[in-house]
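Inspection log for the structure reproduced underneath, given as structure tokens.
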Amino acid sequence: MKPLTIAAYNLKRLFRDRSNIFFVIILPLVLIMLLGSVFGGTFTPEVAVYDASEDERSRRVVDALEQVSDVDIRLTDSEDDVVDAVSGGRAQAGLVIPADFSAQIDQGSAVTVRYFGRLDTLAPQLQSAVNAVIARESAVIRAARFANSETGVSLDQATSQAQSALDELPAMTVALSIVGDDLVPDAEGFDSSAASQLLLFVFLTSLTGSVALIETRNLGLSRRMLSTPTSARTVLLGEALGRYAIGLMQGLIIMGGSALLFGVGWGSPGAATLIMVLFALVGAGAGMLVGSLLANEQQALAIGLLLGLGGAALGGSMVPLEIFPDTLRTIAHIMPHAWGNDAFATLLQDGGGIADIGTELGILAAYAAGLLLISSYIFRRQITSG
Amino acid sequence: MTATTPDQSAAPATSALRCEGLSKSFGDLQAVKNVSFHIERGETYGLLGPNGAGKTTTISMVCGVLARDEGEVLVDGQSMSSGSVDVKSLIGYVPQDLAIYPDLTASENMRFFARLYGLSRNDANSRIDEVLDTIGLSDRAGDLVKTYSGGMKRRLNIGLGMLHRPKLLILDEPTVGVDPQSRNAILENVDQLSGEGMAVLYTTHYMEEAERLCDRVGIIDEGELKAEGTRRELVSLVGEHDRIQIEGAGDLEAGVAAVRDLPAVREASVAGQVISLIVNEARNTLPELLSTITGTGVQVRSIDVAEPDLEAVFLHLTGKALRD
Ligand SMILES: Nc1ncnc2c1ncn2[C@@H]1O[C@H](COP(=O)(O)OP(=O)(O)OP(=O)(O)O)[C@@H](O)[C@H]1O
Ligand SMILES: [Mg+2]
């Protein structure tokens, strides 16, 4: 297993420099703290709520919101107060229940509750709380109507009919408003944001394999390796594997650490790990391509950053793909990040498992294989052409 | 590797290395032009040429680390190219520039390359000890290479190429920048290996090394192999005259006067106790010279015959000095 030998010596050399141990271990720990405080959070976010309708139903909505764990609900007297509280930073999010809330439910039309976000990650939690109330209210209304119009129907049947009526619930939308400049609404959910951060980081780390490849080449060792019965592909795979292992290890530390310490959720653990494993391999492949194309380590580092950060931005790891215009979202899927984010979205929003992200995993695997093949071809040509 | 019985067999033995018509250009520069040569088992072949002659380029094509434009390379009868893998286990390549990990120890460097050469763990361990001993690094084997002196690094650089007992050891100017003591150690290593039946391809721009080490020498300049052969064969190309110095006692003037008229003698002179002669083909004329001189009553104490050296051959072939 020559690739493993090459990878092992790559790591041996990396860790011989003690300061690298620091970076390899400390960096992910720092990221855990960041992810934890932003996406897990030990503080309790405050949500300012203005109930314009002030009837029984809207009060039930407020009650339901208060049931949402880890959120403090503060009632205000006007919509302006909500906006002030959010933009002033006193509240992390705000909700306005409209005056005609009950009327909208009675008419069976779509109900609009306005959401203001500073901590965009709260939206889904609040949304589901409001949804639950509306669903219950609507169900009761339907059941009552059936009872009135079709007297003589048994209570059981009325209940079951009411149950089936649940399917025809009025659609609930939480309209999103932006308050202040830096507030980016995000309906995607906090765990996916943590996932996006993880993808960005793991990709960036795996990319540093380029530096290893260039170093080996500049020391004349790649040439020497090619003079032994070892193919260019094996050499390249070995160098890629070394740094890939580090990206992978850091990714696992981050996933495990943030889940244990801060309760950041990653969906199905097996599927989430698989996404990361493949995605890091894509990063390593990209690193090999950069490493075989560029001459020195500084260039590689610059391009690596550009690719790591730019790729993450385009691929929806900074701003969620959901709010991309359609065309841009299509273009975004040039980047492997987009597929990784899609896969995580399936896990986290739809509660999917490995079977549901087959396409994304397949595409990531193809990316990795393609990048490694192309770069080993370029690498061999580069070395053997003088 | 398949073991084959060496030369004596009736079947024509495959050469350890056979190069035919090797050519390589870098852009407009033709670095190697139609170079052909071969090396037999147990033979040490030197490529002698000045900086930029094309030695490294030639060697790199032989090792399959550089793609050639034209020509063919057969190592032990098997075709070698930049895409080859298996045939590379037959060669040991020692690059001109150090190619070792400075942040690993000598042992670690060796273990790494032993794996790449496909040695088993046990085989590797015993070979590493042997080679460390050969290159005289046993007591520093556990130190990081970056703490080594230049000569020690050179020796390790060489050691890495012989771990797997290659059939053909290829050394590209292994002694450059090495003190005389290390250089001697290196040359002795190479001598010993070729004594064990390994073929050696050795490049150098040191005439003395080529003369001392190599059974045959190829003289290369500006990418062309100008001539090749044993030292004697090369020197005979020059057709230059030998210098004979005879130290003696008695009437040296009379001795000189007697030999001056011999047809092979071009010049004769006396300085102190030494008669200096320039002659054609010293080998053939020496007996006659000596009997003529002793015939005049001169007692001969010592004789020194200096043949033209490879330096002179190079001068003769290229019209320029090997070293400026
Ligand atoms: N990768 C390359 N790109 C361009 N030119 C090259 C390359 N490698 C070698 N050359 C040129 O080819 C010629 C032969 O170089 P080579 O290294 O083979 O010489 P050499 O005989 O090994 O010299 P030295 O004794 O200095 O090592 C030189 O003119 C050199 O500049
Ligand atoms: Mg050279």
Side-chain angles (χ1 to χ4, degrees), chain A residues 1-21 23-24 211-239 241-243 292 295 297 373 376-386, chain B residues 1 24-27 29 31-32 56-57 59-69 80-105 108-109 111-119 124 144-146 157 160-161 163-164 166 170 172:
Chain A
M1 284 315 288
K2 286 182 189 174
L4 289 183
T5 302
I6 296 171
Y9 276 83
N10 186 320
L11 292 178
K12 188 185 267 234
R13 292 177 49 233
L14 187 76
F15 286 120
R16 186 144 283 169
D17 183 353
R18 299 282 171 225
S19 62
N20 284 332
I21 299 179
F23 282 114
V24 169
V211 174
L213 190 67
I214 291 173
E215 196 189 5
T216 318
R217 195 172 63 218
N218 290 348
L219 283 170
L221 279 151
S222 304
R223 247 181 177 216
R224 187 166 210 156
M225 289 186 210
L226 286 191
S227 82
T228 72
T230 309
S231 71
R233 197 175 303 166
T234 303
V235 173
L236 192 99
L237 204 61
E239 300 290 354
L241 269 181
R243 300 304 165 107
S292 50
E297 292 157 44
L373 276 177
S376 67
Y377 174 75
I378 294 175
F379 174 71
R380 178 154 84 88
R381 282 208 44 161
Q382 259 239 350
I383 289 192
T384 60
S385 69
Chain B
M1 267 179 269
K24 178 75 189 180
S25 297
F26 298 107
L29 177 86
V32 173
T56 299
T57 306
I59 267 195
S60 304
M61 290 187 280
V62 169
C63 296
V65 295
L66 182 68
R68 55 182 178 261
D69 295 341
M80 166 75 86
S81 73
S82 56
S84 305
V85 174
D86 292 340
V87 62
K88 287 180 177 170
S89 61
L90 300 178
I91 60 163
Y93 169 50
V94 177
Q96 178 171 5
D97 299 317
L98 293 174
I100 44 185
Y101 287 113
D103 44 9
L104 293 180
T105 67
E108 288 166 338
N109 268 289
R111 201 159 300 127
F112 178 66
F113 276 101
R115 294 269 169 81
L116 292 193
Y117 279 122
L119 298 193
L144 292 185
V145 168
K146 62 184 170 199
N157 196 41
L160 293 178
L163 278 168
H164 57 302
I170 299 174
D172 196 357

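Every chain is numbered from 1 and lettered A, B, ... according to where its sequence line falls, protein lines coming before strand lines.
Counting heavy-atom pairs closer than 4.5 Å to chain A, the top-ranked of the candidates T57(B), D86(B), I100(B), V87(B) is I100(B). In terms of heavy-atom pairs under 4.5 Å with chain A, the best-connected choice from M61(B), E108(B), M80(B), R115(B) is E108(B). With chain B as the partner, the residue from T234(A), L219(A), D17(A) showing the most heavy-atom pairs under 4.5 Å is L219(A).
Annotation for R16(A): atom CZ counts as buried by contact number, over 12 foreign heavy atoms lying within 6.0 Å. Under a cut-off of 6.0 angstrom, the local environment of CZ in F15(A) is crowded, with over 12 non-hydrogen atoms contributed by other residues, nucleotides or ligands.
Residue contact with chain A, scored on non-hydrogen atoms closer than 4.5 Å, involves the side chain of S60(B) exclusively. For F26(B), the part lying under 4.5 angstrom from a heavy atom of chain A is the side chain only. Neither the backbone nor the side chain of D97(B) comes within contact range of chain A; no heavy atom of the residue lies under 4.5 Å from a heavy atom of that chain. Contact annotation for Y101(B): both backbone and side-chain heavy atoms come within less than 4.5 Å of a heavy atom of chain A. For chain B, the nearby parts of R223(A) are the backbone and the side chain; heavy atoms of each come within less than 4.5 Å. Contact annotation for T216(A): only side-chain heavy atoms (C-beta onward) come within less than 4.5 Å of a heavy atom of chain B. Heavy-atom distances place no part of N109(B) under 4.5 Å from chain A, backbone and side chain included.
The salt bridge (charged side-chain N to carboxylate O under 4.0 Å, His left out) pairs that include a residue from residues 60-69 of chain B are K24(B)-D69(B), where partners are two or more places apart or lie in different chains.
Between S82(B) and I383(A) the shortest side-chain heavy-atom distance does not fall below 4.5 Å. L221(A) has its side chain within reach of F113(B): a pair of non-hydrogen atoms, C-beta onward, lies under 4.5 Å apart.
Heavy-atom neighbours of chain B within the stretch residues 224-232 of chain A, taken at a separation under 4.5 angstrom, comprise R224(A), M225(A), L226(A), S227(A), T228(A), P229(A), T230(A), S231(A).
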